[in-house]
Amino acid sequence: MLTLDTHSLRRGVRALARRDPDLARLARQHGPPPLWAREPGFPTLIHIILEQQVSLASAQAAFDRLRSACRGRITPRRMLAFTEAGLKRIGFSRQKAGYARELARAIIHRRFNPAELAALPDAAAREALVALKGIGPWSADIYLLMALRRPDVWPPGDLALAVAVQEVKGLAERPSSDELARLSAAWRPWRAVAARLFWQHYLSRRADGLG
């Protein structure tokens, strides 16, 4: 099963650039996008839960506090050892604390094993993830994209992606999730590479003060 690395990412960029002039322009302007790889497993799933509906910066700050409180090793048992007040101080909302605890319990009681996802096809891996409380389609897609590094995963529920596609494609309105899914068909089997190109554009625009 193909996973993205630096070599295959560049191959995907070349393939997309031959097919789509707008993506070719992004590749010329910015070069190949970052791989943005994350380590598969429980800590990354917790990090993605923290990222739900907040800025990446605030989620990263909360995750860093959690890692410090866990002395560098975030495990299901250490997660369950925190009180609700302790998790709130770290930066978890009550809802996200519940999601994190439920995920920890699912792993401890062997109802879920993150290591098994690597051997599953995309659809089956996504299904196993969304069966968990607090892991919706967006969270599952981000895990497949960045932790499992699948080359053809596309997160149509991602707001930054929708904004970037609107800008790059010159659309009058921000595309809906359904419209994003329809547009992404043209970028198979490298949709995860296309997503990275669009995200790189989004971050570059905001860094330049244009967003």
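Since this is a predicted model, take the numbers as computed values, not measurements.
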Roughly how far, to the nearest 0.5 Å, is [atom2] of [Y] from [atom1] of [X]?
X: R77; Y: C70; atom1: CZ; atom2: SG; answer: 14.0 Å
X: R28; Y: R25; atom1: CZ; atom2: CZ; answer: 8.0 Å
X: L4; Y: R149; atom1: CG; atom2: CZ; answer: 7.5 Å
X: R205; Y: Q200; atom1: CZ; atom2: CD; answer: 14.0 Å
X: Y143; Y: L129; atom1: OH; atom2: CG; answer: 7.0 Å
X: L50; Y: L45; atom1: CG; atom2: CG; answer: 11.5 Å

[atom1] of [X]: more than 12 outside heavy atoms within 6.0 angstrom?
X: E127; atom1: CD; answer: no
X: R10; atom1: CZ; answer: no
X: Q60; atom1: CD; answer: yes

Shortest non-hydrogen contact from [X] toward [Y]:
X: T83; Y: R101; result: C-NH2, 3.4 Å
X: G31; Y: L197; result: O-CD2, 4.5 Å
X: R191; Y: W154; result: O-CE3, 3.4 Å
X: R126; Y: V153; result: NH2-CG1, 3.9 Å
X: P151; Y: L2; result: CD-O, 3.3 Å
X: E173; Y: Q166; result: C-NE2, 3.4 Å

(request) Please lay out, stage by stage, how I107 and T75 fare under the test side-chain contact (heavy atoms from CB on, under 4.5 Å). (result) CA-CA 10 Å; I107 292 173; T75 67; over 6 Å; no
Are the side chains of [X] and [Y] in touch, meaning some heavy atoms are under 4.5 Å apart?
X: P33; Y: V13; answer: yes
X: Q52; Y: S139; answer: yes
X: I48; Y: R38; answer: yes
X: L9; Y: V193; answer: yes
X: K88; Y: R94; answer: no
X: L132; Y: Y99; answer: no
X: R65; Y: R89; answer: no

(message) With side-chain contact (heavy atoms from CB on, under 4.5 Å) as the criterion, how do L87 and K96 come out once you've worked through the C-alpha distance, each side chain's angles and the decisive distance to 0.1 Å?
(response) CA-CA 9 Å; L87 289 175; K96 289 181 181 180; over 6 Å; no
(request) Assess whether side-chain contact (heavy atoms from CB on, under 4.5 Å) is satisfied between M79 and F42, documenting all intermediate values. (result) CA-CA 10 Å; M79 178 61 64; F42 177 72; 4.0 Å; yes
(message) When you measure from the side chain of R196 to the backbone of L145, do you find a donor-acceptor pair of N or O atoms at a distance under 3.5 Å?
(response)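 Judged by distance alone, yes, a pair lies under 3.5 Å.
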(request) Establish, yes or no, whether a centroid distance under 6.0 Å links the rings of W187 and F198. (result)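 Yes.
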(request) Indicate yes or no: does K169 engage D22 in a salt bridge with an N to O separation below 4.0 Å. (result)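 Counted as a salt bridge, because a side-chain N and a carboxylate O are separated by less than 4.0 Å.
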(request) Would you check if there is a donor-acceptor pair between the side chains of D158 and W138 at a distance under 3.5 Å? (result)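 Yes - a donor-acceptor pair under 3.5 Å links their side chains.
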Among the clusters formed by ILVMFWY side chains lying less than 4.5 Å apart, do [X] and [Y] turn up in the same one?
X: L80; Y: I135; value: no
X: I142; Y: V130; value: no
X: W199; Y: L183; value: yes
X: L56; Y: L159; value: no

(message) Taking salt bridge (Lys or Arg N to Asp or Glu O under 4.0 Å) as the definition, give me every residue that meets it alongside D64, ordered by chain and number, with sequence neighbours left out.
(response)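 D64 satisfies salt bridge (Lys or Arg N to Asp or Glu O under 4.0 Å) with R67 once adjacent residues are dropped.
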(request) Begin from the C-alpha positions of L161 and Y202 and carry the test side-chain contact (heavy atoms from CB on, under 4.5 Å) through to its verdict. (result) CA-CA 8 Å; L161 190 59; Y202 178 90; over 6 Å; no
Only pairs under 3.5 Å count here: list side-chain donor-acceptor contacts from residues 110-124, not counting sequence neighbours, and write none if there are none.
| from | atom 1 | to | atom 2 | distance (Å) |
| --- | --- | --- | --- | --- |
| R111 | NH2 | E102 | OE2 | 2.8 |
| N113 | OD1 | A115 | N | 3.0 |
| D122 | OD1 | R150 | NH1 | 2.7 |

